[in-house]
Amino acid sequence: MRAIRVGLSLQMVLLFGLLTAIATIVLVAFIYSEYRNSHQQQVQQQIEHTLQSQVNAIRNHIRLQKSETIDISQDPLVRTIMPLLQHEYAHHNGDKYRELNQKLRTGLTPRMERNHIYDIFLIDLQGEIIFTMTHEADFATNLVTGPFRHSALAKATHDAMDQIQPQISTVKRYAPSNNASALFIAVPLMGINGRLLGVVAIQNDASHLRAIAANYTNLGASGETVIASSHNNTTLMMMPLRHDADAAFRRTIKTDSAIAMPMHLALQGKSGHGFWNDYRDIPVFAAWGYVPELQWGVVVKIDQQEALRELQSTRHLIILITLGILLVVIGLAVLFGRFLTYPIEQLSIATERVTRGDFNTKVPTIHGALEIHQLTDTFNLMLTHMQQASRSIEASFFQIQKQKKQLESALQQASTAQMEAEISRTQAEQANNAKTEFLSSMSHELRTPLNAVLGFGQILEQSPLEAKQEKCVRHILDGGHHLLNLVNDVLDLAKLDSGKIAVKQESVLLGSLCEECATMMQPLASQYGITLQFPANSETLPPLRADAFRLKQVMLNLISNGIKYGDSQLTIETLADDNMARIWVHNDGDPIPTAKHDQLFQPFSRLGREAGEIEGSGIGLVISKRLMEMMGGAIGLDADVATGTTFWIDVPIDRDPRPT
Amino acid sequence: MNTRLSRIFPWLLITGGVAIVLCAPSLLHTTPPPIRVGILHAFTGTMASSERPVAEMTRRALEQINTTGGLLGRRIKIFTADSASTETQSARQAGRLIRQQKVDVIFGCWTSACRKAVKPVVERHHKLLFYPVQYEGFEQSDAIIYTGTTANQQIIPALMWSIKHLGKRIYLVGSDYIFPRMTSLIIHRYANAKGATIVGENFVPLGDDNFTAVAEQIARLKPDVILNSVNGSDNVALIHALRHHGIRSKHTPMLSFSLDAYQLNKITPAEIAGDYVAWSYFPTQNIGGNSDFKHLLDPKSIVTDPMVSAWVAVQLWKQAVEKSHSTNPEQLQSILHNISLHTPEGKESMASDNQHLWKHARIAQINPAGDFNLVWQSPQPIAPMPYPSLISYEEAANMEQRLYQQWHQHWSASDEILPVKPTRETQ
């Protein structure tokens, strides 16, 4: 999977943008929700407060009316005149009645005017209205049997006499007052003896209540006070509505309907506040309460739309501010990202150029972060170094190029030379082969006549000769033998050079070898007056691995040389370890100078003894060396021997002697 | 390692930032202190058996507020104090609750004696007492919220109904303490207004269970109805005495003002069947809000009028606190007048000119099974008038003072002997 590579600027934007967006959104959401809550609470409190003042206004008004009515019922004037009035009324005594009526009227008029009272009634125990201030159609009717027996006044009067307690009627239309809405407060009127005399009632035309309901202070453009009462399972509006001026006693809401829930709750006797749909089915903030005196539900409400208008504009403002903050932050992030990445980009461009080989690039110094600044400086320094390095590398390169050419020509010359050398070598080899061929054939050709010389020489020797002749034959035989040896040696050397000699690998016992050598060399030793001394331990040595014939040839060569150049004695010693056996051949002749040791094993080298009396071909040691090497052994001489010469040969020990 | 760190670093930064931002709002809010509330009832002494269920009801109603998230985001911490059924202890414990437990409000008292003893304490400290029991009236204190009925919501309607349905010749019997005495004054005045007559009247000291004289007097006078304001278990003795003297409900029914369901259990239904009781709440009625509080109680437990009034008291206080966003008594007092509730007793609204509730008056007849049959109820809640209009303030105050002096600075003729008689219960 390949990682997606995002630029530093974009990372900055994403990181800061995300961080700021989350932080801002959370913070703004929190602040907004707090603000909304407090705003809603404020609206709620205002609505609640308005409801309280509305309900209080209604209840205070009723309370004042009620206490005024009680006050009237306890007014001595009323209490004294009531029985008299009752008496005159019962006896249809018009003049007396009018007189009392006038007296009462004068006494009660100030109360009427002072307290928004529409009418004052005096009603006797039989329910007969025996006095009213306004003299409407209800005067002198009976509230038990008369036309207005179902009126609110009739009910309040009945209850007041029944319970002997003040009664407040509901607000209803009252026929005698032109069907205007009215409420009545009926208070028992007690006589001096504590007995019930009748009832004092007042009529309130609800104008003050209407004024209270129509007070829209603090309720904005849509708020209002809704007042309703329960009537036969429907909710009936008691007062005109702001949105429906004819609502009073006309507009109803079904009790079980989902709309106008605050009013339903209020009419259940509950008080509270909340968000509901009102009677128009429009969402409102509402507070509701119950007025027990009038069995009214009161709802104060304001349309949510209006109440939240301020909130909405605030919300728009907040969203704008949030967006603004986000933009600024993203802009800053971009700038910061650019600020950070510009030098890096420059570096990148420069690096690219450098990669293409342009070392003369320079990154401009930028007022960026310290680290970037340092990086730029270091980069430039590096570039400078690289330029220098590049120049010196170029110079070296040219030189190397030159040398390379020289070398190439030299190499060509060398190769020519080598080829020439090869040709020369081949020619030399051919020449050498021709020489060897020549030598071997020559030796062979020489041996045939020599055998004839030696054979006849020996025959002559056997024949009786005079001393002079015998001496000559002796010379002939000696020279022939010498020549034969020489020819044999040359032949051997030629064979060795042409690889025609093969050595066998066989087990050789040193003891018997020494024995054979002693037997063969004794005559020569005696001739030169040399004492041969063979090792005593030769029988105990382990068998050697060698070609018995060729090893004997080497031994005989070394011994004969030792006899020839020795003074008086020749000693042979042996010593063996696990791998090799060494055989020393030591004589007491003049030592060979160390400087000439190397020449010893060169063909035809006799170390200046060519002219000496001792015969020799000068190739015996060369052949010995070759043979020893072919058998896995070695030959050499000890350099530090003070007197005499000590040659030695190393022969491998036969580790696996086959039983013979 | 280094590159890995640098790779997760931005995410650490984001996570950290988000965490801080998310935590910030909660860090701004601190846990508010609990609202401290006192319950003062008799858990020992003569009133214990009547008051314990009321205290329990109050406690459960308060705890229910806690289980539904508390009040104004605060928990309610309840402190319970034992009034030990005596006036002295009531006053002392009220002071202790206010001074030491720092309660803002006390729910408590049953007897008028307790209330009158606690009244000066709460007034002095500007605290509130919610009093859940019906009483005689003639009292108005800004520091007391009366959630039981006052005289014009119980005595007067019951009297009017009795005159209308049971007869005009009335015999009054009561315990000799403040409630029956003031009740007597009211009955005299209102009976007279209606033209009814009090043929006889007798006050028996609380705890004196000898009702022979009363029974003999009733047997001799043959009244149409007996209005009974005898309290607590003395009722048992009264009924036994009446039946013993051949006075039967059928001919001489008795209407009791203070006979609660716990006392009824001590009388066989046959003895009491046919008699009447006046309360604002009867367990048989099923009005809205009933289920709200009934599930707080064991299904088998008897629910009495004061228990319901105690529950109403808590609801009233709760709403006032919610509306005023405060537990300050002075702020509560002003807001309380605007609260109305739908309770098991019906619509209950605070009066605008005193601290009582609009309440229904109800009369029930005890049936042979010992249950209540509702025979009458006021069509609407009755406005509370702690001072009935036929009795002047001065007259009532004078009479109370006279009795207080007569009872040696107590509100009961037999206050001293109350604690030593464990079965005694007063009102």
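Per chain, numbering begins at 1; letters A, B, ... match sequence-line order. Keep in mind it's a predicted model, so treat the numbers as computed, not measured.
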> Could you give the distance from CG (A:Leu51) to CG (B:Asn338), rounded to the nearest 0.5 Å?
Replying inline: 7.0 Å

>> Need one label for A:Leu64: side chain, backbone, both or neither, based on atoms under 4.5 Å from any heavy atom in chain B.
In response: neither

>> Heavy-atom cut-off 4.5 Å, strictly under: side chain, backbone, both or neither for A:Gln45 against chain B?
In response: side chain

> Should the heavy atoms of other residues, nucleotides or ligands under 6.0 Å from CH2 of A:Trp276 be counted, would the total exceed 12?
Replying inline: no

> Which bit of B:Leu390 is near chain A, if near means a heavy-atom gap under 4.5 Å: side chain, backbone, both or neither?
Replying inline: side chain

>> Quick check on A:Gln41 against chain B: is it the side chain, the backbone, both or neither that has a heavy atom closer than 4.5 Å?
In response: side chain

>> salt bridge (charged side-chain N to carboxylate O under 4.0 Å, His left out), that's the test. Do A:Asp162 and B:Lys164 meet it? Break it down for me.
In response: CA-CA 9 Å; A:Asp162 191 46; B:Lys164 199 168 177 178; 3.3 Å; yes

>> Has B:His342 got a side-chain atom pairing as donor or acceptor with A:Gly269's backbone, closer than 3.5 angstrom?
In response: no

> So what's closer than 4.5 Å to chain B heavy atoms on A:Gln163: side chain, backbone, both or neither?
Replying inline: both

> Hey, is the main chain of B:Ser340 close enough, under 3.5 Å, to the side chain of A:Ser271 for a donor-acceptor pair?
Replying inline: yes

>> Can you tell me how far apart CD (A:Glu48) and NZ (B:Lys323) are? Round to the nearest 0.5 Å.
In response: 4.5 Å

> With a 4.5 angstrom heavy-atom cut-off, which part of A:Gln52 approaches chain B: side chain, backbone, both or neither?
Replying inline: both

> In terms of heavy-atom proximity below 4.5 Å to chain A, should B:Pro381 be classed as side chain, backbone, both, or neither?
Replying inline: neither

> Nearest heavy-atom pair of B:Ala193 and A:Ile164: which atoms, and what distance?
Replying inline: CB-CD1, 3.4 Å

> Ignoring hydrogens and geometry, is there a side-chain-to-backbone donor-acceptor pair from B:Asn192 to A:Asn193 under 3.5 Å?
Replying inline: yes

> Any chance NE2 of B:His325 has more than 12 other-residue heavy atoms, nucleotides or ligands included, within less than 6.0 Å?
Replying inline: yes

> Taking all atoms of both residues into account, what is the closest heavy-atom pair of B:Ser389 and A:Gln74, and its distance?
Replying inline: O-NE2, 3.7 Å

> chain A heavy atoms under 4.5 Å from B:Ile335: which part of the residue, side chain, backbone, both or neither?
Replying inline: side chain

> Should we say atom NZ of A:Lys66 is surrounded by more than 12 heavy atoms from elsewhere, each under 6.0 Å from it?
Replying inline: yes

>> Please give me the minimum heavy-atom distance between A:Arg59 and B:Ser352, naming the atom from each residue.
In response: NH2-N, 3.2 Å

>> Can you tell me which portion of B:Lys194 sits under 4.5 Å from chain A's heavy atoms? Options are side chain, backbone, both or neither.
In response: both

>> A:Gln165 vs B:Met385, test: side-chain contact (heavy atoms from CB on, under 4.5 Å). Steps then yes/no.
In response: CA-CA 9 Å; A:Gln165 292 206 61; B:Met385 289 179 74; 4.2 Å; yes

> Side chain, backbone, both or neither: which part of B:His337 has an atom under 4.5 Å from a heavy atom of chain A?
Replying inline: backbone

> Between A:Arg195 and chain B, which part of the residue has a heavy atom less than 4.5 Å away: side chain, backbone, both or neither?
Replying inline: both

> salt bridge (charged side-chain N to carboxylate O under 4.0 Å, His left out) with B:Lys318: which residues, sequence neighbours excluded?
Replying inline: B:Glu322

